[in-house]
Amino acid sequence: KYTAIGLLGKATDTLDATGKVTEEKPYDQITKGDLENVLKKFTGDIMQVPPLYSALKKDGERLSTLMKRGEAVEAKPARPVRVYSLSLQQFQPPLFTLDVECGGGFYVRSLVSDIGKELSTCATMQELTRTKQGPFTLEEHALYEDKWTIDEIARSLEHCTSLLPGEPSHKKLKTEHPGETAMSCE
């Protein structure tokens, strides 16, 4: 689950605020009602084209790495994704705030861009916050900086591990240095 802030009237190559502006269009004709109506088209099982700047791979390399090197990258075909819920939380043009609950493989950046296109303008994601992942919520499980003590961290870990099913699995993680491996408990 995510909270996303979109910006109407601008598109970027990365579909977010870190990218270069590729297009600007007027957005002053768009109403809150227009935006709410468009959201219905993006709820349920939909087809979505992943962004070029993504972790998806071509020949074993991330598309984002290839793009940053200036290599030509073809867009991946649209693929099925699921949006469980999508709602408009705030609309102060050019900004709009969405709550999105989605399945795996979903790109909120693509959603914001697609919403802009559907409204006959363009849009880019300004900010994204993950508010829930599995049983963990930002509100209940984030450990804020003023609680960064050994006792509070231990208490938080104990609480979080009680939410996980069964025994933790161990897997090897890739590292940046060949021949070196790291272990992770999930």
Side-chain angles (χ1 to χ4, degrees), residues 1-58 61-134 136-142 144:
K1 192 168 182 179
Y2 299 90
T3 297
I5 299 175
L7 173 72
L8 292 169
K10 284 190 181 178
T12 66
D13 56 356
T14 59
L15 308 185
D16 65 20
T18 66
K20 294 178 190 150
V21 175
T22 57
E23 185 177 23
E24 292 189 55
K25 284 186 167 183
Y27 58 86
D28 49 342
Q29 77 284 6
I30 297 166
T31 66
K32 183 178 180 183
D34 294 334
L35 193 47
E36 287 171 332
N37 287 334
V38 161
L39 296 184
K40 295 171 191 167
K41 295 180 180 185
F42 295 100
T43 304
D45 292 323
I46 63 169
M47 297 297 286
Q48 184 185 62
V49 176
L52 289 176
Y53 280 89
S54 69
L56 296 177
K57 295 185 177 175
K58 175 186 173 192
E61 264 194 285
R62 288 178 176 224
L63 295 182
S64 57
T65 302
L66 297 171
M67 291 290 294
K68 287 174 188 171
R69 280 202 310 249
E71 295 185 26
V73 176
E74 285 184 36
K76 294 279 187 180
R79 59 190 191 173
V81 292
R82 181 167 289 164
V83 179
Y84 298 103
S85 66
L86 177 59
S87 60
L88 181 65
Q89 298 304 305
Q90 196 169 15
F91 183 56
Q92 290 182 294
L95 299 174
F96 60 97
T97 303
L98 304 172
D99 267 353
V100 183
E101 189 167 1
C102 56
F106 185 81
Y107 284 91
V108 179
R109 288 179 289 150
S110 290
L111 169 70
V112 170
S113 176
D114 292 344
I115 288 169
K117 289 173 188 167
E118 193 67 31
L119 291 166
S120 300
T121 185
C122 50
T124 194
M125 190 175 69
Q126 292 299 288
E127 195 175 305
L128 181 68
T129 304
R130 183 179 290 181
T131 57
K132 184 177 184 206
Q133 175 65 43
F136 303 103
T137 64
L138 186 60
E139 192 174 290
E140 290 180 67
H141 301 98
Y144 296 98

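What you see is a predicted model, and the numbers here were worked out from it, not measured in a lab.
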*Donor-acceptor under 3.5 Å (Thr124 side chain, Leu15 main chain)*: yes
*How close do Tyr27 and Gly9 get, heavy atom to heavy atom, and via which atoms?*
CD2-CA, 3.8 Å
*Does Thr18 have any side chain to side chain contact (heavy atoms under 4.5 Å, CB included) partners at least two apart in sequence or in another chain, and if so, which?*
Thr14, Asp16
_Nearest 0.5 angstrom please: Phe96 CZ to Gln126 CD, how far?_
9.5 Å
_Taking side chain to side chain contact (heavy atoms under 4.5 Å, CB included) as the definition, give me every residue that meets it alongside Thr22, ordered by chain and number, with sequence neighbours left out._
Ala11, Asp13
*Ile115 CD1 to Leu8 CG distance, which is reported to the nearest 0.5 Å*: 9.0 Å
*Out of curiosity, Phe136 CZ to Arg130 CZ, how far, rounded to the nearest 0.5 Å?*
12.0 Å
*Verdict with supporting geometry, Leu111 and Leu98, side chain to side chain contact (heavy atoms under 4.5 Å, CB included)*: CA-CA 10 Å; Leu111 169 70; Leu98 304 172; 4.3 Å; yes
*Is the closest side-chain heavy-atom distance between Pro80 and Met47 below 4.5 Å?*
yes
*Could you tell me whether Gln29 atom CD has more than 12 heavy atoms of other residues or ligands within 6.0 Å of it?*
yes
*Partners passing side chain to side chain contact (heavy atoms under 4.5 Å, CB included) against Lys25 (at least two apart in sequence or in another chain)*: Glu23, Thr121, Cys122
_Could you work out, with side chain to side chain contact (heavy atoms under 4.5 Å, CB included) as the rule, every residue matching Asp99, not counting sequence neighbours?_
Thr3, Ser87, Gln89
*Just jot down the ring-ring contact (aromatic ring centres under 6.0 Å, His included) partners of Tyr84, sequence neighbours excluded, or say none.*
none
*List the steps, then state whether side chain to side chain contact (heavy atoms under 4.5 Å, CB included) holds for Ile46 with Phe106.*
CA-CA 10 Å; Ile46 63 169; Phe106 185 81; 4.2 Å; yes
For residues 30-42, which side-chain N or O atoms pair as donor and acceptor with protein atoms under 3.5 Å away, sequence neighbours left out?
| unit_1 | atom_1 | unit_2 | atom_2 | d |
| --- | --- | --- | --- | --- |
| Thr31 | OG1 | Gly33 | N | 3.4 |
| Thr31 | OG1 | Asp34 | N | 3.0 |
| Thr31 | OG1 | Asp34 | OD1 | 3.4 |
| Thr31 | OG1 | Asp34 | OD2 | 3.2 |
| Asp34 | OD2 | Thr31 | N | 3.0 |
| Asn37 | OD1 | Lys40 | NZ | 3.4 |
| Asn37 | ND2 | Gly33 | O | 3.2 |
| Lys41 | NZ | Glu118 | OE2 | 2.7 |

*Between NZ on residue Lys132 and OH on residue Tyr2, distance to nearest 0.5 Å*: 12.5 Å
*Give the minimum heavy-atom separation between Met125 and Val112, together with the two atoms involved.*
N-CG1, 3.8 Å
*Is a side-chain donor or acceptor of Ser110 paired with a backbone partner of Pro50 at a separation under 3.5 angstrom?*
no
